[in-house]
There are 2 protein chains.
Amino acid sequence: MSSATIADVAKRAGVSSATVSRVINRNYPVATSTRERVEAAITELGYVANAHARALAGSTNRTVGIIINDVVDPFYAYIARGVEREATVHGRLCMVCCTQGSHEKELALIDLLHEQRADAVILVGGAHEDRAYAAEVGRRARALHTAGSTLVLCGRPSLGDDVPTKVVEYDNEGGAFAITDYLITQGHRRILFLGGPPSLSTTIARLAGHRRALEMRGLAQAKELVHTGSFNRRFGYDKVRALLTEGLDFTAIFAANDTVAAGVMQALELAGVSVPEEISVVGYDDVPVAQELRPQLTTVRIPLEEMGRQAVRLALGVAGESDYLAPVQTTTRVGTSIVVRGSVAPPR
Amino acid sequence: MSSATIADVAKRAGVSSATVSRVINRNYPVATSTRERVEAAITELGYVANAHARALAGSTNRTVGIIINDVVDPFYAYIARGVEREATVHGRLCMVCCTQGSHEKELALIDLLHEQRADAVILVGGAHEDRAYAAEVGRRARALHTAGSTLVLCGRPSLGDDVPTKVVEYDNEGGAFAITDYLITQGHRRILFLGGPPSLSTTIARLAGHRRALEMRGLAQAKELVHTGSFNRRFGYDKVRALLTEGLDFTAIFAANDTVAAGVMQALELAGVSVPEEISVVGYDDVPVAQELRPQLTTVRIPLEEMGRQAVRLALGVAGESDYLAPVQTTTRVGTSIVVRGSVAPPR
DNA sequence: ATGAAAGCGCTAACAA
DNA sequence: TTGTTAGCGCTTTCAT
């Protein structure tokens, strides 16, 4: 039930615990013969260092924390992969926590990760507009900051210049603008915007890009064409079914993400509406499902894994910052791009 | 850069650090007025407990570790979700580590998680047949065990009764048997088995079930119909393309998992072979892609998330074990079932 | 090159 | 109900 400690190893090797520590950490010269005796003792005893004692005596725990909605959702999974990989590169272990969409759980998790003394806490995904909630996050950002850690906002807007966070953004609005403009260029005038929780920053930015494209082309945004709701497949499916029977007039659908697009495509298939001949469909995110749909989905690509990597680089201060003038607030922004596949054609 | 400690809080509240500990942990009676003063001090100072000091002084760190190949792979992601959720239920934080298929990394990660004094280390997915490697895993299982932790094998075979692990299995062979038998019942005689690393326990079990079904129906297993390789989409695609041009005779394909099946379907589509009219296809795992394929994929369902939950329950000794006679080796086994969708029809 | 000893921040007896 | 006091296992000066 109890493991060997560094003192046990020291006794067995006939040295002091300080020496054992030195051979383990290779940070001070140790005579070869001593080292060998110590190493032998370590294997004989099956000694495994206690990371907590280490973290307590030394400074860092060498872990980073990441908070996401759901591991199974590819949007989060890809970012998590980037975080995990980059963390590994820098010798950090990765603690992954899921909120299942709950604000309260998210705040509690930031605290938990703070307790663990994670070198960084990475908060992933869009945030709901809510001042009280934002204030709570801000408070935690400050606590983390004074403790020498960093809160990184990944894929959500900054909390303001007075809150010590780092942020990794992607050009959300720009992607929505580009793909809407692509649709317009193909001749579409009545484009349905579907899905995304209405108060989520992600949805808001995508909708803003969509509207800007419409305006730029002098097209009025008809309110009956905008149906926010959620990011799940079911929403896309149900909404399209309803709108179809309702007889709403449109020639293209901009699904707020690829998952919604999958539902959209299934509803269209069931209704016997052919894509892209009768209706064009585009999505957002470019997660794997986009390539499995038939026709394959034209969508907006986000460098998800890269965002995860950036988040840990930023937090760990790996590059970019000059030591003497590191600003409290740092933002990295990655681009989005549209990837054209087979789900769009000119309207009939 | 440095945070308030329990001593700071104690001084500020004019009590001893023991009292502060008591109000934090709510495990001993504290006078209301004292409690209030302490709580005030805590907020004023922005005190956040140090989990390492706690782990060192108390016993458990309240974390579980999970080791998987890749967060993005749905097979692993669903199990990880189960682990994360069940861990949360039991007040544990979850450390997720990825091996990217490397044995060495896997072993190193077990050690790392041991150093972190995780209450459980969950090793997920099939294992390659390799005695030296198995011995290394066994050694670590013992180390963990003597340290009071548990190594749980999730979706891979036991290391033998003398190795102190817990294992969560699924009826891998049975699922393969059932779906092959289903294909035979539909009239198929020449079934291609495609994919899966040949030395991986998962592949071996699936192939075994496949063969048993064939034998039971008195069908000879032609070696030209078995093509193991890997679990990725690309393999399914390339192999089917090659076999098709080669002119091999078969009426159905059993893809070793759904990902391979996705590649298979794409190759068939490109070759103008209709599914299921000309060729039937089945997969394994029942991950989301199975429902996006057209036709939707008939496959074997594994209760992935449930396996993850079982793994942590088993490790934490939540249920099932009688205290006084807990065996060193414990195995839980979950069933698999075939889910019939549209990718199988009788051969022409 | 090596050892002695003082913490790191907390919990858990044991006292009071 | 509260305080005192050992540790928990390790790192890190400071000596030697």
Side-chain angles (χ1 to χ4, degrees), chain A residues 1-39 41-42 45-62 112 114-118 143 146-149, chain B residues 1-39 41-42 45-62 112 114-118 143 146-149:
Chain A
M1 187 62 194
S2 82
S3 332
T5 72
I6 203 172
D8 300 328
V9 174
K11 187 173 342 153
R12 175 130 190 168
V15 298
S16 73
S17 64
T19 301
V20 176
S21 173
R22 287 175 190 126
V23 349
I24 292 170
N25 296 302
R26 315 175 166 290
N27 51 1
Y28 275 95
V30 172
T32 314
S33 65
T34 316
R35 143 159 293 127
E36 280 163 359
R37 253 182 311 131
V38 171
E39 281 167 348
I42 287 176
L45 262 37
Y47 169 77
V48 177
N50 183 321
H52 301 301
R54 258 194 185 152
L56 196 54
S59 44
T60 161
N61 176 30
R62 306 197 77 73
L112 221 57
H114 184 160
E115 288 186 9
Q116 297 289 330
R117 296 301 187 266
T146 62
S149 180
Chain B
M1 187 63 196
S2 83
S3 332
T5 73
I6 203 172
D8 300 329
V9 175
K11 186 172 344 154
R12 174 131 192 165
V15 298
S16 74
S17 66
T19 300
V20 176
S21 174
R22 287 176 190 124
V23 347
I24 292 170
N25 296 302
R26 316 177 164 285
N27 51 0
Y28 276 94
V30 172
T32 314
S33 66
T34 316
R35 142 160 293 125
E36 279 164 359
R37 252 182 312 130
V38 171
E39 280 168 348
I42 287 176
L45 262 38
Y47 169 77
V48 177
N50 183 321
H52 301 301
R54 256 191 187 156
L56 197 55
S59 46
T60 161
N61 177 29
R62 304 197 79 71
L112 222 57
H114 184 161
E115 287 185 10
Q116 297 289 329
R117 295 303 188 264
T146 63
S149 180

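Bear in mind that the values here come from a model prediction, so they are computed numbers and not experimental data. Reminder, nothing fancy here: chain letters follow the sequence lines and each chain counts from 1.
For the side-chain contact (heavy atoms from CB on, under 4.5 Å) test, residues two or more places apart in sequence or in another chain that qualify with B:R35 are B:V23, B:R26, B:V30, B:E39. Every residue was checked against the side chain to side chain donor-acceptor pair (under 3.5 Å) condition with B:S149, not counting sequence neighbours, and none meets it. Taking the salt bridge (charged side-chain N to carboxylate O under 4.0 Å, His left out) definition, one finds that B:R62 meets it with nothing, sequence neighbours left out. A:E36 meets the side-chain contact (heavy atoms from CB on, under 4.5 Å) test with A:T32; sequence neighbours excluded. Taking B:A53 as the reference, A:L56, B:N50 meet the side-chain contact (heavy atoms from CB on, under 4.5 Å) condition, with sequence neighbours excluded. In terms of the salt bridge (charged side-chain N to carboxylate O under 4.0 Å, His left out) criterion, residue partners of A:R12 (sequence neighbours excluded) are, by chain and number, A:E44. Residues that satisfy the side-chain contact (heavy atoms from CB on, under 4.5 Å) test with B:A7, not counting sequence neighbours, are B:T5.
Separating the CG atom of A:L56 from the P atom of D:dT12 is a distance of 12 Å, rounded to the nearest angstrom. Taking atom CZ of residue B:R62 and atom C1' of nucleotide C:dC10, one finds them 16 Å apart after rounding to whole Å. We find that CG of A:N27 is positioned 8 Å from P of D:dT11, with the value rounded to whole Å. Distance, B:N25 CG to C:dG9 P: 17 Å, rounded to whole Å. In this structure, A:I42 atom CD1 and D:dC10 atom P are separated by 10 Å, rounded to whole Å. Note: CZ (B:R54) to P (C:dC8) measures 19 Å, nearest angstrom. Atom CD1 of A:I6 and atom P of C:dA6 are 18 Å apart (whole Å).
A:H114 places no side-chain N or O within 3.5 Å of a backbone atom of B:V48 that could act as its donor or acceptor partner. Here the side chain of A:H52 pairs no donor or acceptor atom with the backbone of B:A51 at under 3.5 angstrom.
For B:A31, counting side-chain heavy atoms from C-beta on, the closest listed nucleotide (D:dT1, D:dG9, D:dC10) is D:dT1. Nearest to the side-chain atoms of A:T5 among the listed nucleotides D:dC10, C:dG9, D:dT2 stands D:dC10.
Comparing B:Y28 and B:H52, the nucleotide of DNA chain C nearest to each residue sits closer to the 5' end for B:H52. Two residues, B:P29 and B:A53, neighbour DNA chain D, and the one matched to the more 5' nucleotide by heavy-atom proximity is B:P29.
A heavy atom lying under 4.0 Å from DNA chain C marks the following residues of residues 8-24 of chain B, by number: B:A18, B:S21, B:R22.
Over its full length, the helix from C:dA1-D:dT16 to C:dA16-D:dT1 turns its helical axis through 30°, comparing axes from the five pairs at each end and rounding to 10°.
Considering only side-chain N and O atoms, B:T34 lies under 4.0 angstrom from the phosphate OP1 or OP2 of D:dT2. Remark: A:N50 is not in phosphate contact with D:dC8, judged by side-chain N or O atoms under 4.0 Å from OP1 or OP2.
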